[in-house]
Undergrad: 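Please see the structure below; I have some questions.
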There are 4 protein chains.
Amino acid sequence: MRAVQLTAPGEHGLVERPGPAAGAGEVLLSMRAASVNFRDYMVAGGKYPGISFPLVPLSDGVGVVEAIGAGVTLFKPGDRVCPIFTPRWLSGPSPASVRLPSLGGEIDGVLSEKLVIHELAGIAVPPHLTDAEAATLPCAGVTAWSAVVAYGQVKPGDTVLIEGTGGVALFALQFAKLAGARVALISSSDEKLERARALGADITLNYASTPAWGAAIAALTGGIDLVVETVGAATLAQAVSALRKGGRVAQIGLLSGVGAALPLQSFIPRAINMQGILVGSRDDFANMARAIMQHQLKPVIGQSFEMADLKSALAGMAPGAGHFGKITLKI
Amino acid sequence: MRAVQLTAPGEHGLVERPGPAAGAGEVLLSMRAASVNFRDYMVAGGKYPGISFPLVPLSDGVGVVEAIGAGVTLFKPGDRVCPIFTPRWLSGPSPASVRLPSLGGEIDGVLSEKLVIHELAGIAVPPHLTDAEAATLPCAGVTAWSAVVAYGQVKPGDTVLIEGTGGVALFALQFAKLAGARVALISSSDEKLERARALGADITLNYASTPAWGAAIAALTGGIDLVVETVGAATLAQAVSALRKGGRVAQIGLLSGVGAALPLQSFIPRAINMQGILVGSRDDFANMARAIMQHQLKPVIGQSFEMADLKSALAGMAPGAGHFGKITLKI
Amino acid sequence: MRAVQLTAPGEHGLVERPGPAAGAGEVLLSMRAASVNFRDYMVAGGKYPGISFPLVPLSDGVGVVEAIGAGVTLFKPGDRVCPIFTPRWLSGPSPASVRLPSLGGEIDGVLSEKLVIHELAGIAVPPHLTDAEAATLPCAGVTAWSAVVAYGQVKPGDTVLIEGTGGVALFALQFAKLAGARVALISSSDEKLERARALGADITLNYASTPAWGAAIAALTGGIDLVVETVGAATLAQAVSALRKGGRVAQIGLLSGVGAALPLQSFIPRAINMQGILVGSRDDFANMARAIMQHQLKPVIGQSFEMADLKSALAGMAPGAGHFGKITLKI
Amino acid sequence: MRAVQLTAPGEHGLVERPGPAAGAGEVLLSMRAASVNFRDYMVAGGKYPGISFPLVPLSDGVGVVEAIGAGVTLFKPGDRVCPIFTPRWLSGPSPASVRLPSLGGEIDGVLSEKLVIHELAGIAVPPHLTDAEAATLPCAGVTAWSAVVAYGQVKPGDTVLIEGTGGVALFALQFAKLAGARVALISSSDEKLERARALGADITLNYASTPAWGAAIAALTGGIDLVVETVGAATLAQAVSALRKGGRVAQIGLLSGVGAALPLQSFIPRAINMQGILVGSRDDFANMARAIMQHQLKPVIGQSFEMADLKSALAGMAPGAGHFGKITLKI
């Protein structure tokens, strides 16, 4: 079977490997599609901590069960399955007592024709999704779900602030709407704001033309309940200023730098809570898949490439590349 | 001004009282409408702990601000306002360190032409609601909100089980749908099940024709995430058997008796959580009002009576009376 | 190697089995000691759901690492290790999306000379504990920790009610004292009450001489914050009546029957919360081990038997057998 | 009666006022002692938002009940009572739906011979405390309790990091020890570190001689569970670097500036949570008072002044003044 392998920062290629087999409790997947995240851009550039080359990249993908090992009860051949981001993280917060490896980071990822996973490390795919759509769920979808639902506990009547139109941002927009919330979304492109409104965004603002967008969003909305902070250092201070008392910050982004200025004088008296979000557990994924199926929700796909053209897919993740929705790969 | 006064168990009448005035921080309301709850039925029957006669009954009502006292900033004359159930309970769980009186229980209620409340003890009414609709919010609406949202943390994809078609049950149905959940509802009347489906119930079951309805609901849904337990002793055991692992019970009801049999052998290994629900705080009410306004939600009104006809309104709350939605009074 | 095997309800014997080897990520333990729980009594009697014979019994034990498989980093030969109760449950609530097997229940347990576990399924033992003491931690210790700390969130100044002097009860007593709480404990034996006071119990009551012990405990303490409900149907109603407003019930016990009468009229208005407790996660165990080490806490051992004398050990778990602390086995 | 009044930034004086009387539900306190916080230093300097002069300063004090109004049941003449910081905040998080005034901020404070409060706005003082000790509880004590207990949920075996030896810091040290935690404390003074060890600090570090104290604390402790961040911009980045995975930041301090640099690259992957802390509710105070009484805990008093010498007391709160424990005033 063939796989893509990162060999050094900025370098990768196709390799031929022996086909793996499913051991006890495991399933063998014939992979169909994958998608890229900003983390993959950093990994490929050699800028992600804890990785070593060679490495099969990417955490997000979907495959079809080709064979099952002894004792497997959750899946049968022919099922479509997404591997979960951190194979042993099943529920609750990320275990504090041990370090667990994640796909395409400390261990090989999904950009491979075949993949073996433990049956507990996979989730059945809602039937209405295409392979490309399903391939966006494990990291991007679950991260947005963790931010909006598991951490944010967004409820009907809340207002959620979304930054930009990347993959996590648009999932967050969709999940917030399912939960009965109102969505405010900022972008530097009026055209993208229009597309966001078509997806359900209630209030949109071009931050390029309104540099003090934090105060503007607070004025437009009466104060934000949850900000899905997908950008990083460039946005945190304004995002905090847009919050209402008791508001929350789901902190996800490192796109714009790592040293964020936090305005304590507005953070403390308004009793803000901020949480670092790093994807989520098997339970989070299962809950999200259930919601996606029930509401027949469709992830937003931006561009698609062939497996061998990882370079183009990653280029779309570069800061400023300005994608709308997810970038996927066909395997 | 006139008010209705309970004078002894089962007895009440109209009385003439001096009109109250708004002190510092207070507002004077000209009451427009009220509604009844099962608690009012018990209070009027002398079966509620901690009350003494004479007492102006009912907790749920709405009025128009007629005058404001010194220092009032939250309201102005002409505003429509609902008094909150427990005037000093502003946020979080009910204070553990002190006992607080509630309207129509330890202190006089709302069935009166005039009422003075502290400005912090009132919530502005969403404009799209009629007076009768607004008068259903303080106890019935907030109890359902506490069960489904504040305690239940219902999220998209969850399944919520509702018992019957009383006021709290139908609010719970509506709030669960706003939150993106699927709703299963049981009743002994096929006609009411049909009306519930029109309100959004996804799965309905006639418990009269399916006595083992707990197992039937579990089979139909794959397991319930939250049951809004509005009945009491007659339903708890079956409700618990309908839950999935990690499921929750919002325990509200005393309609069918107080000594409930709890099946520990299914409660413990499935890690069920159960919470006694007693209405909610000012913040809960404010959050609910915000959601109702944003979604233009309309409470379900069953019957309406004149203020003097409290007897008929209370009769509708008797166990087995079989109302659908809220019973209101015009003041 | 030898192991004890249950062969039918009430029957067991020693069997000779081939010695297992540690695969990748696994460790081979040479077992030193085990202990029994009420669950083991039910399993051996064929009264526990989801089990099948033959089965190696018991969940709680300790061993010394004899060999490690490829890639193991958490342990080295010579380390003392306790297997965790549910090998794949690492953190948070028990996963809702999958069923996980537990030692001595759905899968073979620890009453065996050798045992292979994944390295993530073991916890290093605090050095100050004897083997017998360490062997009490995985189910009994972690259950008490989950009840008092993870669920109960006991804080300084709280009062915790403990029922009896079994293994979980005495761990709960010790953990509550570490957390700065006051402990009330009931027993039918004045001699056991005296021993409980020596372990730190602040308030003790003989329930045999005070049948209405719930009200008596409420009067003595001003109301209980958390009851560690280890008994079952016979105690729940009185335990609830001892709680203060906002109090909590950690529901663990099935010793006295499964159909508990729950007094809704005191449960609801006091906003009681009740949670089914089924042991805990790897993180819970790791947190408990850290606390035990820091405070040099010693588990309470009642009796000890030889591995082959499982019968005597289990007899001590029969309802009414009246043990004080844990019953252990030497392997 | 006499009171101290702030008249302009940096200016204050004694004034004679008519003695107040207790209305319905209120109690009249004859004040005995007060204490100062950094907030009072900012208020007196005119640097606190939302205040206007003239203003009676200080939030923290204690008095003896001189008279009670109609309907008062919680107190009787002669009781010693502390007013609570935010008189109407009874439980849970600070209400999000309304702004509530606090003593010595938006409304007059306690530096007055007589004070009238609603009975719900007072807490009975543990008898073993002196007046000066009791006067430190309402803001400094409750803030530390909120950080360590209500938010931090510190449990046995946790390690808590305390910054400096101010009033909140030493309360946090004492509460963390009551809760069974290990305490690490930093200061720039070896003499203060020695005094902190005498109060129970387990690990101490002079940050003046170890500028990279965050990493040093992480190495000494294995990672911090909760940091009580009482300083502000100067410490946050290092405090975050001392945390273990899943660690928490109770953000309290503005002493060293308001624009803190937050290192997102360590905040996100370790799933850190940060919460702005602004004192606490009546329930928090009641729970704290219960713990203080049960453990006979004594607050740490640094210096004491006469009521008229507010200037000296405030001078002790200036950044860098280097007090140890609380500064109190006799009334």
Side-chain angles (χ1 to χ4, degrees), chain B residues 20 23-27 50 52 69-75 81-82 84 86-102 106-108 116-125 142 145-146 149-151 278-293, chain D residues 20 23-27 50 52 69-75 81-82 84 86-102 106-108 116-124 126 142 145-146 149-151 278-293:
Chain B
E26 295 178 335
V27 300
S52 58
V72 165
T73 61
L74 298 177
F75 300 112
V81 173
C82 284
I84 66 176
T86 305
R88 285 184 172 266
W89 179 12
L90 299 183
S91 58
S94 178
S97 59
V98 283
R99 277 188 86 92
L100 301 180
S102 296
E106 301 82 3
I107 54 175
D108 277 346
V116 168
I117 60 170
H118 193 277
E119 65 170 334
L120 289 171
I123 295 285
V125 172
V142 174
W145 182 266
S146 292
V149 178
Y151 165 66
L278 196 66
V279 199
S281 69
R282 183 191 205 283
D283 266 8
D284 291 324
F285 197 160
N287 288 336
M288 178 189 72
R290 202 171 57 150
I292 287 174
M293 184 150 61
Chain D
E26 295 178 335
V27 300
S52 58
V72 166
T73 62
L74 298 177
F75 300 112
V81 173
C82 284
I84 66 177
T86 305
R88 284 184 172 267
W89 179 13
L90 300 183
S91 59
S94 178
S97 58
V98 282
R99 278 188 85 92
L100 300 180
S102 296
E106 301 82 3
I107 54 175
D108 276 347
V116 168
I117 60 170
H118 192 277
E119 66 169 333
L120 289 171
I123 295 285
V142 174
W145 181 266
S146 292
V149 178
Y151 165 67
L278 195 66
V279 199
S281 70
R282 184 191 204 282
D283 267 8
D284 291 324
F285 197 161
N287 288 336
M288 178 188 73
R290 202 171 57 152
I292 287 174
M293 184 149 62

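What you see is a predicted model; the values in this text were computed from it and never measured. In what follows, every chain begins at residue 1, and chains take the letters A, B, ... in the order their sequences are listed. What's counted below: heavy atoms across the whole structure, side chains too, no hydrogens, waters or symmetry copies.
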Undergrad: Side chain from CB out, backbone as N, CA, C, O: work out which of these in Ser94(B) comes under 4.5 Å of a heavy atom of chain D, or both, or neither.
TA: backbone

Undergrad: Has the side chain of Asp283(B) got a donor or acceptor atom that lies under 3.5 Å from a matching backbone atom of Ser97(D)?
TA: yes

Undergrad: Which atom pair, heavy atoms only, marks the closest approach of Leu120(D) to Arg88(B)?
TA: CD1-CD, 3.1 Å

Undergrad: Among Ala286(D), Ala96(D), Ser281(D), who wins on heavy-atom pairs under 4.5 Å with chain B?
TA: Ala96(D)

Undergrad: Between Ser91(B) (side chain only) and Pro93(D) (backbone N and O only), is there a donor and an acceptor less than 3.5 Å apart?
TA: yes

Undergrad: Give the member of Leu90(B), Thr73(B), Leu74(B), Ile123(B) that has the highest number of heavy-atom pairs under 4.5 Å with chain D.
TA: Leu90(B)

